[in-house]
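First comes the structure, then the notes that go with it.
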Amino acid sequence: MPSSSISTAPASLELRGLTKAYVRGGTPALNGVSHSFAPGKVTVVLGPSGSGKSTVLGAISGLVPPDTGGVWLDGRDITELAPEKRGFGMVFQNYALFPHLSVVENVEFGLRVRGLGREERRTQALEMLHLTRIPHLAGRRVHEISGGEQQRVAVARALAVRPTVLLMDEPLSALDARLRDDLRAELARLLRELALTTVYVTHDQAEAMSLGHELLVMQRGRIEQAGRAEDLYLRPASPFVAGFIGAANVFAGVERLSDGTVRLPFANLPAESDVPPGPCWAMLRPESFELVRDSGRADFTAVPEAIFFLGAQVRAQLRIGEQPLTAEFPAGTPLEPGRPLALRVRPGGLYVRAAENGA
Ligand code: ADP
């Protein structure tokens, strides 16, 4: 595979205590961001709009100088280094291709800037077009190819300069859903093959979970939690992360009782957890419920208000008195709006954390 020639040892990239306020004295866009990125892996920066994702990427690229803190590459402080001297590749949402150049000329562009000879440029550019599976488009103009193909050109161009770090800012968000899914799978393959240290910004959690070796969930200029998708899903550190990664029923400001149960607004439920009695927050994922025939074994009774067919599952919007609840059951489960269901929480289904973790 030509990919082996792209990188040598994967780069180690580290952020140390970054802060940034665009407006002096205003709300900080970054408020103490530190992280060591896994070398050779894809780290996805995820969070709602305005949480600081692009600013983190800007600080790494050098386009947004931080107010305090530093960016370190392979043990060297590069905070003051000009963006073009960092040797990073960048792919943005708007492909930013040169419309007057052909596909292969676009990919060659960065190599020309670096002073490579004509033949060498062409060979390397074609190699990148093979890697992104569009060698047949080399001679086309940018306006003669589709959005998805343009994004492949942008990726090929970013890789052509043999970057030490690859930065991607919402690279798929301008594409329609079908194309986005296809390209996401392609990107996952390519990034795995390349083993480049990659920082990938998105607000799309499906994208984050399928591409990221590690996910950084940001909120208000801070990393709220960093970890593998599965850890964030199963063990969120705060109600915010619980609600942001996957669907969740989150109960803030509830109480763990001395008998080991948790007092939720609609029932006291047992929880396997070492959280001591006192204030806590709790989470029930939609898949944590099961129907019981014998209502004596039920934890509570709920009434479906709306039912959505999702394929392998059925999602029900339930109500227990005033309390709304989202639950998912295997397809074929007999559910009818208005007909009460006797439900139990599966063993281990109720997740509890002490209140100081953000509740
Ligand atoms: P995200 O990428 O998560 O949407 P950003 O990093 O773009 O978040 O923005 C973080 C915060 O900084 C937001 O409050 C945003 O309004 C502000 N911000 C971003 N860029 C600028 C800028 N050039 N000037 C002033 N404020 C900015």
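We count ligands from 1, going down the list as the structure has it; atoms in each ligand are counted the same way. As the structure is a computational prediction, the values presented were derived from the model and not from experiment.
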| query | For P48, is the nearest heavy atom under 4.0 Å from an atom of ligand 1? | reply | yes

| message | Tell me whether G52 has any N or O atom under 3.5 angstrom from an N or O of ligand 1. | response | yes

| said: Would V23 count as being in polar contact with ligand 1, using the rule that some N or O on each side must be under 3.5 angstrom apart? | reply: no

Identify the protein heavy atom lying closest to [atom], giving its residue, its atom name and the separation to 0.1 Å.
atom	answer
atom 7 (O) of ligand 1	S54 CB, 3.7 Å
atom 5 (P) of ligand 1	T55 OG1, 3.6 Å
atom 12 (O) of ligand 1	A29 CB, 3.3 Å
atom 19 (C) of ligand 1	Y22 CE1, 3.3 Å
atom 3 (O) of ligand 1	K53 NZ, 2.8 Å
atom 14 (O) of ligand 1	G50 O, 4.0 Å

| query | Within the distance-only criterion (no hydrogens, no angle test), does the side chain of R86 pair as donor or acceptor with the backbone N or O of L81 below 3.5 angstrom? | reply | yes

| Hey, is atom 16 (O) of ligand 1 touched by any protein heavy atom at less than 4.0 Å? | no

| message | For R228, is the CZ atom crowded, meaning more than 12 foreign heavy atoms sit under 6.0 Å from it? | response | no

| note | Rounding to 0.5 Å, atoms CZ (F266) and CG (N249) come to a distance of 7.5 Å

| Nearest-0.5 Å distance, CG of residue L335 to CZ of residue R315 | 13.0 Å

| S49 heavy atoms, cut-off 4.0 Å: which ligand 1 atoms fall inside? | 4 (O)

| query | Near S51, which atoms of ligand 1 are under 4.0 Å from a heavy atom of that residue? | reply | 1 (P), 3 (O), 8 (O)

Answer yes when [X] and [Y] have at least one side-chain N-carboxylate O distance shorter than 4.0 Å, and no when they do not.
X	Y	answer
E272	R346	no
K41	E214	no
E119	R121	no

| query | Cation over ring, R220 on F240, under 6.0 Å and within 45°? | reply | no

